[in-house]
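Notes follow the structure.
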2 protein chains.
Amino acid sequence: MTIQNQIEQKLKDHGYKLTLQRKTILEVLLKNKNHFLSAEEIYLQTKEKYAQTNFSTIYRNLEILENIEMIHKINIHGATSQYEFISHNSHHHHIICKGCGKTELIDFCPLEEILDKLNHPDFTFTDHKFELYGYCTSCKEKTCKK
Amino acid sequence: MTIQNQIEQKLKDHGYKLTLQRKTILEVLLKNKNHFLSAEEIYLQTKEKYAQTNFSTIYRNLEILENIEMIHKINIHGATSQYEFISHNSHHHHIICKGCGKTELIDFCPLEEILDKLNHPDFTFTDHKFELYGYCTSCKEKTCKK
DNA sequence: GTTAGTGCAAATGATTTGCACCGAA
DNA sequence: TTCGGTGCAAATCATTTGCACTAAC
């Protein structure tokens with residue numbers, strides 16, 4: 001059973017239909033696993049394979065995929081939202097260059113340690129976000145103003 | 001020298017003028033130290049003291065304050081931006097309730113440990129974000145749909 | 001056949017901008 | 001006096017929504 005099949009099954013289990021463009025969007029997200037994409041990038045890549053794709057459909061599908069926790073949506077510094085497929089077998093975080101927006105993976109996750117130290121019984125944790133920002137070599141050289 | 005004075009000095013040092021409403025916005029941010037505010041909340045609270053305040057002015061000032069690193073701007077789950085004054089003597093992070101949006105402080109910061117483990121010499125780190133999400137007691141009881 | 005999904009165009013809502021006037025230095 | 005700051009109204013831009021039509025099950 002391929003990953004794509006597993007996801008499609010999960011969609012069915014949640015009562016969603018498997019339309020051609022939904023499958024295409026999934027392909028795009030899978031192809032860019034471990035990589036954030038903007039809605040526009042997803043739109044453009046989907047359009048390549050399925051020409052009549054429409055922006056609303058992209059957004060509606062991204063919302064569904066977020067709800068069933070198959071993708072992560074992040075907002076870097078208030079810029080437009082970025083989406084990433086969740087690989088369940090490799091939880092990770094990101095280093096994000098403020099110059100060019102490129103991201104890199106970090107394998108380490110501080111969550112457990114923090115939950116230990118916190119000891120906060122009256123709160124149910126569901127989710128967390130950890131991101132490092134800075135400038136990559138080439139952006140540093142360009143002496144990014146600011 | 002009060003905190004407010006220090007900030008005003010910093011603004012001057014950067015070549016910014018000290019207008020009445022800029023001071024008022026600062027007061028509002030200081031009064032809500034350790035607390036995220038939306039642009040609208042800042043607008044409303046500023047308006048209380050300085051009636052003719054305008055939204056564009058709020059945004060323009062928030063942008064300036066962000067640039068000289070006096071406030072943090074965050075986007076929780078793509079909702080409208082939230083701003084918080086940076087207290088330099090108490091770096092912290094937040095627990096955020098997805099039900100009611102209330103935030104709580106965490107004193108612990110995983111940054112140093114991670115930088116140790118990362119060993120990433122070709123990247124200049126400037127900034128980071130760490131946030132825990134979940135549901136607080138009362139939101140849990142309301143069996144928040146999701 | 002029923003219900004969810006889609007395309008389109010229009011609406012929304014936060015944030016930004018152009019421009020003429022105002023006020024701090 | 002000279003810039004930076006402000007108010008206002010209009011613009012922008014990502015995202016959302018209403019509606020009639022279409023396709024998956």
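Letters A, B, ... mirror the listed sequences (proteins, then strands); counts begin at 1.
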How long is the line joining [atom1] of [X] and [atom2] of [N], in whole Å?
{"X": "B/Asn67", "N": "D/dG5", "atom1": "CG", "atom2": "P", "answer": "12 Å"}
{"X": "B/Ile58", "N": "D/dT6", "atom1": "CD1", "atom2": "P", "answer": "9 Å"}
{"X": "A/Gln82", "N": "D/dA14", "atom1": "CD", "atom2": "P", "answer": "12 Å"}
{"X": "A/Tyr50", "N": "C/dG5", "atom1": "OH", "atom2": "P", "answer": "14 Å"}
{"X": "A/Asp13", "N": "D/dC25", "atom1": "CG", "atom2": "P", "answer": "13 Å"}
{"X": "B/Glu8", "N": "C/dA24", "atom1": "CD", "atom2": "P", "answer": "13 Å"}
{"X": "A/Tyr43", "N": "C/dG7", "atom1": "OH", "atom2": "C1'", "answer": "11 Å"}
{"X": "B/Leu65", "N": "D/dG5", "atom1": "CG", "atom2": "C1'", "answer": "13 Å"}

Quick one: side chains of residues 12-21 of chain B, donor-acceptor pairs under 3.5 Å with protein atoms, not counting sequence neighbours, listed by atom name and distance.
from    : atom 1 : to      : atom 2 : distance (Å)
B/Asp13 : OD1    : B/Gln9  : NE2    : 3.0
B/Thr19 : OG1    : B/Arg22 : N      : 3.2
B/Gln21 : NE2    : B/Tyr50 : OH     : 3.4

Side chain of A/Gln52 only, heavy atoms from C-beta on: which candidate in C/dT6, C/dG7, D/dC25 is closest? C/dG7
Please tell me whether B/Glu84 and B/His92 have a donor and an acceptor in their side chains that are separated by less than 3.5 angstrom. yes
Testing the 3.5 Å rule here: is there a donor-acceptor pair between the side chains of B/His120 and A/Glu104? yes
Treating primed atoms plus P, OP1 and OP2 as sugar-phosphate and everything else as base, which nucleotides of nucleotides 12-22 of chain C get B, S or - for protein heavy atoms under 4.0 Å? --SBBBB----
Quick one: list whatever passes side chain to side chain donor-acceptor pair (under 3.5 Å) with [X], sequence neighbours left out.
{"X": "A/His128", "result": "A/His91, A/His93"}
{"X": "A/Gln45", "result": "A/Asn32"}
{"X": "B/Tyr59", "result": "none"}

How are the rings of A/Phe55 and A/Tyr43 set relative to one another: parallel (under 30°), tilted (30 to 60°) or perpendicular (over 60°)? parallel
For atom CD of B/Gln52, decide whether the heavy atoms of other residues, nucleotides or ligands shown that lie under 6.0 angstrom number more than 12. yes
Compute the centroid of each ring, for A/His94 and then for A/Phe36, and state whether the two points are separated by less than 6.0 Å. yes
Please list, by residue number, the residues of residues 16-27 of chain B whose heavy atoms come closer than 4.0 Å to an atom of DNA chain D; answer none if no residue qualifies. B/Tyr16, B/Lys17, B/Thr19, B/Gln21, B/Arg22
